[in-house]
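Everything below concerns the one structure shown next.
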Amino acid sequence: MDLQDQLKNLFPDHKIEESKSESNIDKGIWMQDDPIICKYEKRKGKPITILEGYTGATDDFKKLAKEIKTRLSVGGSFKDDKIIIQGDYRDKIMQILKTKGFNVKRVGG
């Protein structure tokens with residue numbers, strides 16, 4: 001008699017629920033068909049990474065910006081439907097967005 005059988009004997013009324021496989025897609029953010037453009041620029045001699053091309057709600061894009069900034073522990077801002085991250089973090093940002101299910105296109109360099 002294995003553990004499953006013992007538990008069934010102890011709790012005969014219990015119904016086993018199948019665990020739902022967790023997807024990497026955050027259900028709170030609207031997904032899109034067009035890729036998000038991730039590009040690199042220098043402003044006043046300092047490197048920045050710019051994300052643009054999101055067609056969903058502005059609040060969702062702000063949530064995404066906040067999550068990226070906290071996961072990378074960097075500064076940044078959200079202006080004119082663009083996320084501006086201080087530093088060159090294109091590769092890391094692209095990995096984060098791909099795990100969330102976004103299509104990402106790298107522009108420049």
Side-chain angles (χ1 to χ4, degrees):
M1 182 181 275
D2 64 345
L3 183 62
Q4 291 289 336
D5 294 332
Q6 291 176 0
L7 288 174
K8 285 179 187 176
N9 290 336
L10 288 174
F11 304 104
D13 297 332
H14 179 70
K15 295 180 182 176
I16 299 173
E17 296 180 10
E18 294 182 19
S19 63
K20 298 177 183 175
S21 62
E22 294 182 26
S23 62
N24 291 334
I25 300 172
D26 187 3
K27 293 179 179 145
I29 297 178
W30 184 79
M31 304 309 281
Q32 65 182 24
D33 296 329
D34 298 331
I36 294 177
I37 297 170
C38 183
K39 62 183 178 178
Y40 169 78
E41 285 185 11
K42 278 194 172 186
R43 292 187 182 170
K44 298 181 182 175
K46 303 201 178 189
I48 60 169
T49 304
I50 300 174
L51 298 173
E52 59 185 9
Y54 185 72
T55 57
T58 305
D59 292 336
D60 292 343
F61 209 35
K62 285 183 182 180
K63 288 180 191 175
L64 186 63
K66 183 172 183 174
E67 182 179 341
I68 290 170
K69 290 189 299 183
T70 54
R71 285 191 59 191
L72 295 176
S73 300
V74 296
S77 64
F78 176 81
K79 294 181 185 174
D80 302 325
D81 295 330
K82 296 179 185 177
I83 298 175
I84 301 170
I85 304 293
Q86 297 174 356
D88 185 10
Y89 292 101
R90 286 178 290 182
D91 296 329
K92 292 179 182 178
I93 291 172
M94 287 174 66
Q95 284 180 339
I96 292 169
L97 293 176
K98 284 180 182 177
T99 57
K100 293 182 103 19
F102 287 101
N103 293 330
V104 185
K105 184 176 182 181
R106 183 178 176 143
V107 176

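For the pair Arg90 and Cys38, the tightest heavy-atom approach, listed with the atom from each and the gap, is CG-SG, 3.7 Å.
For the atom pair CD (Gln4) and CG (Leu7), the distance works out to 6.0 Å, reported to the nearest 0.5 Å. The line from CG of Leu97 to NZ of Lys100 is 8.5 Å long, rounded to the nearest 0.5 Å. With rounding to the nearest 0.5 Å, the separation of CD1 in Ile83 from OG in Ser77 is 9.5 Å.
Residues Phe102 and Met94 fall within the same hydrophobic cluster, defined by Ile, Leu, Val, Met, Phe, Trp and Tyr side chains chained together at heavy-atom separations under 4.5 Å. Tracing side-chain contacts under 4.5 Å through hydrophobic residues (I, L, V, M, F, W, Y), one reaches Ile93 starting from Val74; they form part of the same cluster. Linking Ile, Leu, Val, Met, Phe, Trp and Tyr whenever their side-chain heavy atoms come within less than 4.5 Å puts Phe78 and Leu64 in one cluster.
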Please list every donor-acceptor pair under 3.5 Å in which a side-chain atom of residues 42-53 meets a protein atom from a residue at least two apart or in another chain.
residue	atom	partner	partner atom	Å
Arg43	NE	Glu41	OE1	3.4
Thr49	OG1	Gly87	O	2.6
Thr49	OG1	Tyr89	N	3.1
Glu52	OE2	Lys39	NZ	3.2

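The environment of CD in Gln6 is crowded: more than 12 heavy-atom neighbours from other residues, nucleotides or ligands sit within 6.0 Å. By the 6.0 Å contact criterion, NZ on Lys69 is enclosed, its count of non-hydrogen atoms from other residues, nucleotides or ligands being greater than 12. Counted within 6.0 Å of CG on Asp2, heavy atoms from surrounding residues, nucleotides or ligands total more than 12; the atom is thus considered enclosed.
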Chi angles and distances behind the side-chain contact (heavy atoms from CB on, under 4.5 Å) call for Asp34, Asn103: CA-CA 7 Å; Asp34 298 331; Asn103 293 330; over 6 Å; no
The test is side-chain contact (heavy atoms from CB on, under 4.5 Å); show your working for Tyr54 and Asp81 and say whether it passes. CA-CA 8 Å; Tyr54 185 72; Asp81 295 330; over 6 Å; no
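With respect to Ile96, the side-chain contact (heavy atoms from CB on, under 4.5 Å) criterion is satisfied by exactly one of Asp91, Leu72, Val104: Leu72.
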